[in-house]
Amino acid sequence: MNLSIDEATQKRLSGIRAIGESQIRPIGLDADRLGRPTPPDHEFFGLLLKVGLGRSRWAGENAEPSDGEASKESTPARPGSSRSMLCIAEEMSYWDRGVAVSFPGPGLGEPPLLSMGTLDQKRRFLGPFLQPERPRWGSFAMTEPGAGSDVAAIATSARKDGDHWILNGDKSFAANASRADWILVWATIDASQGREGHRAFIIERDTPGLGDFVIERKMGLKAYESTSFTLRDCRVPDENLIGGEEHYARRAGFKGAMRSFNATRPLVAVMAVGIGRAALDESLAFAREHDLLGLPRVRDRLERVRRGLRAARLLCWRAAWLADHSQPNIVEASMAKATAPTVALEAASLGMELLGEVGARGDHLIEKLFRDVKAMDIVEGTGQVQRIVMARHLVQLPRE
Amino acid sequence: MIDFAPGDELELIRATAREFAADHLRPGLRQHEKARGISPDVQRAFAEIGFASLEWPEELGGNGLGALARAFVLEELSAGDPGAALALDPLGPALYPLLELSKSDVTGELGQPLLDTPGSRALLVWNGEGRRSKLVNDRGVVSGTVPWVPADRVDLLVVLDEDGAFAVSEGIDLKSVRGSGLRAAGASELSLIDAPIRASFSDRSAAARALARARLYKAAMLVGVMREAAEFSRQYAVDRVAFGKPIAHHQALAFLITDMATAVDSTRLLLHDACWRIEAREPADEACATTYVEAIEQSMFVTPNGVQILGGHGFMQDYPVEKFMRDARALGLFWGGIDSAREDAGNELIGIDGPVPLSVEAQL
Ligand SMILES: Cc1cc2nc3c(=O)[nH]c(=O)nc-3n(C[C@H](O)[C@H](O)[C@H](O)COP(=O)(O)OP(=O)(O)OC[C@H]3O[C@@H](n4cnc5c(N)ncnc54)[C@H](O)[C@@H]3O)c2cc1C
């Protein structure tokens with residue numbers, strides 16, 4: 001057993017701390033004040049590329065199995081990588097979670113491509129992210145106006161037409177969609193088949209019929225765009241069906257999406273820990289400055305928040321550690337995701353109480369964290385959905 | 001790098017403890033409670049495994065294992081029966097102040113006779129902040145009353161406060177009381193009348209360390225009790241049908257059950273984190289205190305809900321869940337209880353000027 005952060009990771013964290021303080025946090029505060037996402041041509045994104053960020057995790061063709069079979073997402077390139085990724089994601093979110101999501105890179109579209117994509121697809125869609133000459137984004141669109149938690153109910157349709165597919169539907173809240181080179185879109189070939197009918201497509205930018213981008217106005221996390229868009233008779237070539245038809249014939253489609261969620265849930269959960277930690281540090285500093293630390297009521301609640309954050313971080317780490325050892329982690333991943341956002345909200349909410357009217361002014365970092373953090377219990381499966389997932393395993397809760 | 005694997009040795013220890021609890025503790029749950037003690041057979045079986053000297057120093061002939069081993073064993077034994085777990089451990093958490101005496105040979109002199117005599121008991125009593133009535137040390141002789149100790153026999157009493165500890169083995173008077181939880185260990189009012197001090201130390205940081213370890217001891221027991229309460233009620237909810245389906249499939253209960261499982265796992269992770277700090281010789285007093293707070297809070301979420309899930313049956317003594325609730329409540333009342341632990345953890349926290357670390361970080 002070893003529950004410490006090793007030196008190598010610690011070094012990377014202190015690198016992030018440096019850009020966190022000088023860039024990430026100020027950019028996040030700016031976006032929040034201006035009420036708009038950081039523009040794609042912001043110089044910060046170029047700077048990130050220079051320091052090696054904003055790239056794909058794909059190891060490149062040479063690391064692929066020779067038969068071109070999809071590589072297993074759960075096997076990390078090197079030992080410990082999911083765990084150190086968690087540490088890094090937490091630290092970035094500590095400085096600004098919205099800015100962290102705005103970072104260039106293939107984003108949430110990457111896990112399904114890694115787990116289900118053919119070699120050709122990885123080459124075409126992740127290849128450009130290996131040594132990007134300019135900031136590039138990928139995007140992931142599952143949610144629709146009529147289907148969020150109930151992913152099986154998505155209505156965006158895909159109809160075969162020769163060697164193409166025709167897609168029609170509406171998608172909601174997809175991160176970085178309007179600036180993305182491509183959007184990974186989930187659609188159905190037959191809504192009556194439920195999950196069996198689901199297919200994932202890469203829709204490239206400038207595909208005719210892809211449009212009506214609306215950047216939503218949000219309570220927080222304003223630094224990145226959550227964008228709704230429509231697909232109107234979008235013609236997508238066969239080669240953009242992720243994994244190819246054979247993949248779905250093996251009924252692996254929906255499982256593919258769900259498996260990538262198991263990998264991302266601890267990551268999103270640990271981001272909540274990062275936000276909560278920022279709130280705790282700010283709260284402690286404010287309380288010290290205002291002579292509140294002598295009050296047992298204040299001290300007790302700060303203690304509770306720290307304890308909750310520590311437990312939440314351990315839950316996240318455990319889920320990632322299991323993933324790194326290719327062990328099942330569905331319950332553990334959901335446990336982490338169900339826990340961290342509420343603890344982090346408690347941290348920010350306590351901060352607001354300590355600030356009092358200073359919080360109500362709307363110009364304090366803690367007030368922003370309070371607005372930002374609520375999304376963490378909604379994205380990547382709500383707290384309720386996590387409990388459903390756990391209950392399927394713990395008490396064999398039947399699927400509807 | 002972050003690693004949760006306990007390793008083969010600890011796995012073996014855990015499996016042994018689990019088997020012992022299943023074979024000897026769980027079946028006698030009510031009988032031990034009623035008899036306020038453990039049958040000699042079970043005591044013999046326990047002595048054979050050697051868990052009593054788990055943390056006893058190697059140079060004194062013990063196993064010299066650490067905090068994690070202790071936590072693993074206590075979780076398993078307490079999942080079987082926490083009262084019995086206390087009754088079976090001759091030194092119990094009194095070990096920790098005794099170890100702080102280890103610069104002299106007093107540790108062995110005081111502790112060894114208990115390890116050699118099955119059924120003997122050392123007790124630790126907290127006499128510092130949070131204690132309602134204090135034992136008074138008047139020039140080497142001690143007097144006063146402790147309203148409840150989980151024992152019907154005391155061979156050695158160790159009294160700990162913020163400044164240090166002392167040990168007493170004579171002049172101890174026990175009066176039997178009914179007890180609320182943990183009755184298998186006995187239940188008495190303890191009085192000292194001019195009891196002579198046999199050994200003592202005064203060292204604030206040693207005292208704080210001993211207290212931290214004692215908190216961890218009870219936290220590990222709480223993890224065992226709440227794990228069992230969560231598991232027992234989960235299984236019951238899968239089997240019990242109401243309104244046409246297993247009660248576990250009504251979402252209000254399904255979510256409650258997942259939250260109970262989460263409570264157990266979170267507490268256990270904090271427990272292991274604190275134990276790991278101790279073994280890594282990192283500062284751990286705060287982590288121990290906060291773990292005890294978590295264990296108490298979560299046990300008061302999990303064990304009453306364990307009763308709730310069984311409904312009226314939960315309230316009846318045919319099922320063990322009401323006992324888990326009483327046992328958990330009692331386990332949360334030691335060493336000044338939750339408020340004293342909160343005080344220590346909170347004071348460490350507010351002393352931090354700058355970012356608050358959640359975990360041990362490598363020094364760059
Ligand atoms: C900031 C932000 C960024 C996002 N980014 C993306 C993105 O990049 N790509 C993307 O595809 N989506 C994205 N989303 C969408 C997000 O995944 C969905 O909002 C989320 O899955 C919830 O779906 P919904 O909004 O339709 O709520 P609903 O599914 O309508 O849920 C409403 C409420 O009902 C509860 N509920 C639903 N079903 C049950 C049930 N069976 N039992 C109990 N309670 C239930 C939910 O927990 C919730 O509280 C984003 C959302 C936000 C807020």
Would you mind checking which part of [X] comes under 4.5 Å of any heavy atom in chain B, side chain (CB onward), backbone (N, CA, C, O), both or neither?
X        : result
A/Val273 : side chain
A/Leu322 : neither
A/Leu394 : both
A/Gln396 : both
A/Leu309 : both
A/Arg288 : side chain
A/Trp317 : both
A/Arg306 : both

Between [options], which shows the greatest number of heavy-atom pairs under 4.5 Å with chain B?
options                                : value
A/Thr339, A/Asp300, A/Leu293           : A/Leu293
A/Glu332, A/Gln386, A/Met390, A/Met335 : A/Met335
A/Lys11, A/Arg318, A/Glu282            : A/Arg318
A/Val331, A/Leu13, A/Thr9, A/Val395    : A/Val395

Next item on the list: Mind ranking B/Gln251, B/Arg234, B/Arg342, B/Glu294 by heavy-atom pairs under 4.5 Å with chain A and telling me who comes out on top?
Entry: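 That would be B/Glu294.
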Next item on the list: For chain A, find which of B/Leu68, B/Asp353, B/Ile257 contributes the most heavy-atom pairs closer than 4.5 angstrom.
Entry: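 Max contact count across the listed options: B/Asp353.
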Check: Are A/Arg301 and A/Glu346 ion-paired here, with the side-chain N under 4.0 Å from a carboxylate O?
Finding: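 No, this pair does not count.
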Note to self: Could you check whether A/Glu303 pairs with A/Arg299 (Lys NZ or Arg NE/NH1/NH2 to Asp/Glu carboxylate O, under 4.0 Å)?
What the structure shows: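 Salt bridge: no.
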Note to self: Determine whether B/Tyr319 and B/Tyr236 satisfy the following criterion, ring pair (Phe, Tyr, Trp, His ring centres under 6.0 Å), listing intermediate values before the conclusion.
What the structure shows: CA-CA 11 Å; B/Tyr319 286 102; B/Tyr236 184 90; 5.8 Å; yes
Notebook entry, point to check: Between A/Arg25 and A/Tyr94, is NZ or CZ placed under 6.0 angstrom from the six-membered ring centre and within 45° of the ring axis?
Noted result: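 Geometry flag: set, cation within 6.0 Å and 45°.
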Notebook entry, point to check: Should B/Trp276 and A/Ser4 count as side-chain neighbours, where that means a heavy-atom distance under 4.5 Å?
Noted result: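 Result yes, sub-4.5 Å side-chain heavy-atom pair found.
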